[in-house]
Amino acid sequence: MKFLHPLYSLLLLVIGLSSCSPVRFLSDDKYLLASVHLKSDAPDIKPSDYRLHIRQEANTRWLSTAKVPLGIYCLSGTNPHHPFNRLMHRIGEAPVAFNDTLMHFSRSSLVAALRGKGYLQASVEADTMRRGRHLHLTYRMHPGKRSYVQQLQRRFDNDTLRRIVMADSARSLLYRGMPLDLSLLEEERTRIIRRLQNNGYYNINNEFVSYTADTIAHSQAVDLTLHFRRPQRSDSLPPYRAYRIGKIFLHENHGESAHRDTTFYRNIHFVTDGRQRINRRIYFRNLFIQADSLYRDVATQYSYQNLSGLGAIGFSTIHYPQPLPADSTLDAHVFVKLNKPHGVSFDIEGTNTAGDLGGAATFTYTHRNLLHSAEQLTLKLRGAYEAIRRLEGYTHQDYIEYGAEATLRYPTLPFPIGEEQLRRYKGASDLSLLYNSQNRPEFHRRLLTAAWSIHWNRHTRPNLRHRLDIVSLNYVFMPWISETFRNEYLNGDDPRYAVLRSSYENIFIMKSSYGLTYNSLRERKTNNLYQTNGYQIRFNFESAGNLLYGLSHLSRMRRNNHGAYAIFNIPYSQYLKFDFDYSKSFRFNEHSSLALHAAFGIAVPYGNSDIIPYEKRYFAGGANSVRGWSVRTLGPGSYVGKDGKIDFINQTGNLKLDLSVEYRGFLFWKFEGAAFVDAGNIWNTRNYAHQSGGRLQLATLHRQIAVAYGLGLRLNLNYFILRFDGGMKAINPAYSGKLHYPLFSPDFNRDFALHFAVGLPF
């Protein structure tokens with residue numbers, strides 16, 4: 001129970017901070033706003049959906065419990081010029097003084113929000129209760145009965161526009177019997193305007209659509225009429241007209257030179273200083289605006305997206321000069337500002353591996369327009385050194401790594417389709433080549449990788465992204481292994497090192513993979529701004545060695561002594577791998593949310609392989625897995641690691657399961673907190689003699705699910721998040737009996753794991 005002492009101390013600290021009296025910072029005529037409650041007498045009205053309309057909240061609570069930020073502020077004195085007081089004021093939160101004006105504003109905002117949802121007779125009461133200098137405020141919402149649309153009419157002042165809009169009436173959000181919801185009326189207004197703007201009507205905006213609602217006394221029935229008409233004082237506007245695109249001008253680096261030349265290519269006028277930096281064909285492929293076509297606002301938006309995706313372009317602007325009253329065409333002017341073609345960066349980092357100090361440096365060179373078609377070439381050179389002092393039995397006590405990587409990105413996709421169809425997609429193709437050399441006291445390792453991959457998404461589905469590794473070649477070569485390492489771990493028949501031996505053999509991997517990522521778009525709804533219910537799905541399928549195995553079998557290639565086909569005496573891997581990842585968030589309000597996560601993966605060797613390559617195997621524990629265990633110390637199954645120096649090699653598997661639930665809340669300043677519960681493990685689908693309990697068996701699956709719980713502290717610096725998570729074991733599958741449930745007999749030294757990471761776990 002020793003681990004409880006720090007928790008008791010933390011609990012006492014929280015209670016002490018939250019119990020400090022903050023009223024000494026308020027003037028005598030002010031009251032501390034102690035709490036704000038929102039209640040409704042209608043079961044179908046959720047108060048949490050209307051919380052954002054409250055203009056003044058009480059002081060922030062840590063994870064919805066104690067007001068620790070206010071307590072930190074109260075540690076200071078009343079002198080605002082003292083350095084310590086200024087520090088506490090900066091990281092803490094000042095006491096909130098009740099403001100009567102903001103209370104009335106909040107009540108009016110709540111009434112407006114309820115009426116906007118169709119509760120036309122809604123009212124809100126604000127009750128206050130004083131206890132000394134503390135004031136408790138409660139808003140009571142009385143929505144009344146909701147109004148519904150009984151009759152629906154649409155009136156247009158132009159028959160052509162009416163036909164265009166009504167041709168798409170199946171997508172209309174309005175219907176008889178619908179609730180009188182202002183947010184739906186606004187969405188319908190936007191939908192109609194977008195429909196017309198994508199049919200050539202350049203000068204039309206939201207002001208052209210309005211509504212009238214006639215209510216009947218003592219009834220919830222409403223007669224709703226949608227009006228499409230020219231807004232008042234619009235005499236300067238030209239008559240309704242569907243514009244077509246006239247001339248298209250593309251200005252490259254406009255304003256940098258007084259001398260401008262114009263060339264013509266595929267109905268586009270290119271204006272440059274005499275030198276075309278990016279091939280005109282690339283501009284043509286990425287512009288949706290086409291001469292002699294109807295003006296479409298969506299074409300402008302897609303052109304912006306495509307141009308911004310080219311690394312050679314810094315930013316772009318598309319301008320349509322106001323046409324003359326007699327004109328029926330619009331000229332388009334596209335202004336493009338190019339990035340500097342060359343870029344250089346240099347990164348230095350320090351390392352500390354179990355007390356062994358080292359450092360690494362990376363030099364990166366980027367050419368953003370290599371072949372004048374917006375290709376981006378990236379060259380990376382990396383070097384690392386680490387002084388190893390605690391490794392017995394080896395002569396060379398250091399680690400040296402160096403490597404080089406080259407990536408060439410083409411802003412096109414190798415799809416066998418025409419340019420018109422290709423415009424519907426946004427993506428790029430990558431060719432990469434990597435060489436890495438690692439010299440350790442135990443062994444020397446070389447890695448050579450070449451890959452061709454593409455990634456893309458449709459403009460109409462920006463939240464659905466695809467990635468295809470057409471082919472990836474990986475060659476791992478071990479030119480030298482020390483006698484100490486070889487005799488201790490690789491020679492002999494000890495089954496304990498079966499996975500280790502396979503990890504230090506020369507191997508060749510030829511694989512292809514397909515990955516998909518879907519992010520739901522955040523729906524911003526009236527009265528429901530923070531209730532996002534957003535989710536993300538990631539899927540990946542990988543296949544290796546099948547083509548080589550088929551060719552080897554057809555050509556009747558001889559197998560080696562281990563019964564595997566080999567190319568140049570190097571066996572190649574053959575396996576299938578499937579990964580699925582799902583995460584979902586529920587945002588309760590501006591400061592708190594709940595996140596759920598589930599991940600499953602399986603990799604199956606077959607044919608030319610008996611085991612999955614070590615780099616492709618799964619491990620459990622660590623900052624992004626079951627956080628009650630350190631990285632690579634959990635599983636597989638109920639396997640208990642032995643006292644070998646590198647036994648973590650055996651704590652890998654070819655099947656994984658991760659489940660997590662995490663409550664996240666704002667604390668103070670830039671700090672956020674979290675409380676989490678994790679569950680999961682890894683397993684093998686085959687039985688290995690050295691891994692007792694490591695094979696997946698349905699009969700014992702429920703006892704092999706590891707569970708951990710803990711707290712986290714995050715420093716949100718906007719552009720990245722520093723994360724500290726402390727996890728405690730709750731259910732340990734490695735043991736039976738009392739030790740199987742450390743939740744009921746916790747030991748801080750045995751069951752606690754601390755993790756540091758950058759970014760959220762999911």
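One is the number of the first residue; the rest follow in order along the sequence. Just so it is clear, the model here is predicted, and its values are computed rather than measured.
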Can you sort out the partners of [X] under salt bridge (Lys or Arg N to Asp or Glu O under 4.0 Å), two or more places apart, ordered by chain and number?
| X | value |
| --- | --- |
| Arg115 | none |
| Glu207 | none |
| Glu542 | Lys616 |
| Glu672 | none |

Check: [X]/[Y] side-chain N/O donor and acceptor closer than 3.5 Å:
| X | Y | answer |
| --- | --- | --- |
| His227 | Tyr211 | no |
| Gln305 | His459 | yes |
| Ser172 | Arg154 | yes |
| Asp581 | His597 | yes |
| His455 | His466 | no |
| Thr366 | Gln376 | no |
| Arg155 | Gln153 | yes |

Pairs flagged by salt bridge (Lys or Arg N to Asp or Glu O under 4.0 Å) wherever [range] is involved - sequence neighbours left out:
| range | answer |
| --- | --- |
| residues 164-174 | Asp168-Arg171, Asp168-Arg191 |
| residues 457-473 | Arg467-Asp469, Asp469-Lys511 |
| residues 285-305 | Arg244-Asp292, Arg285-Glu419 |

Run the side-chain donor-acceptor check on residues 319-329: report pairs under 3.5 Å with partners two or more places apart or on a different chain.
| residue | atom | partner | partner atom | Å |
| --- | --- | --- | --- | --- |
| Tyr320 | OH | Thr300 | OG1 | 2.7 |
| Gln322 | NE2 | Asn203 | OD1 | 3.4 |
| Asp327 | OD2 | Leu324 | N | 3.3 |

(message) Please find the pair of heavy atoms, one from Ser303 and one from Ile318, that lie closest to each other, and give the distance.
(response)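 Closest approach of Ser303 to Ile318: CB-CD1, 3.8 Å.
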
(message) Looking at every non-hydrogen atom in both residues, tell me the closest pair between Ile470 and Ser512 and how far apart they are.
(response) O-OG, 2.7 Å

(message) Check Arg445 with Glu401, please: is the shortest side-chain N to carboxylate O separation under 4.0 Å?
(response) no

(request) Taking the six-membered ring of Phe208 (Phe, Tyr or Trp), confirm whether the NZ or CZ of Arg195 is under 6.0 Å from its centre and within 45° of its axis. (result) no

(request) Taking the six-membered ring of Tyr302 (Phe, Tyr or Trp), confirm whether the NZ or CZ of Arg424 is under 6.0 Å from its centre and within 45° of its axis. (result)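 No, Arg424 does not lie over the aromatic ring of Tyr302.
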
(message) Using 0.5 Å steps for rounding, measure from the CZ atom of Arg229 to the CG atom of Asp157.
(response) 8.5 Å

(request) Identify the residue among Ile268, Val334, Leu307, Ile248 that makes a side chain to side chain contact (heavy atoms under 4.5 Å, CB included) with Tyr283. (result)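 Testing each of Ile268, Val334, Leu307, Ile248 against Tyr283, the sole residue satisfying side chain to side chain contact (heavy atoms under 4.5 Å, CB included) is Leu307.
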
(request) Please say which of Ile164, Ile193, Leu294 ends up in a side chain to side chain contact (heavy atoms under 4.5 Å, CB included) with Tyr201. (result)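 Filter result, single survivor: Ile164.
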
Who passes side chain to side chain contact (heavy atoms under 4.5 Å, CB included) against [X], sequence neighbours left out?
| X | result |
| --- | --- |
| His372 | Arg275, Asn369 |
| Ser437 | Tyr402, Tyr435, Asn439, Arg446 |
| Val149 | Leu152, Met178, Leu180, Leu224 |
| Pro411 | Leu310, Ala374, Glu375 |

(request) Give a yes or no on whether Trp456 atom CH2 has more than 12 heavy-atom contacts from other residues, nucleotides or ligands under 6.0 Å away. (result)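 For Trp456, atom CH2 is crowded (more than 12 foreign heavy atoms under 6.0 Å).
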
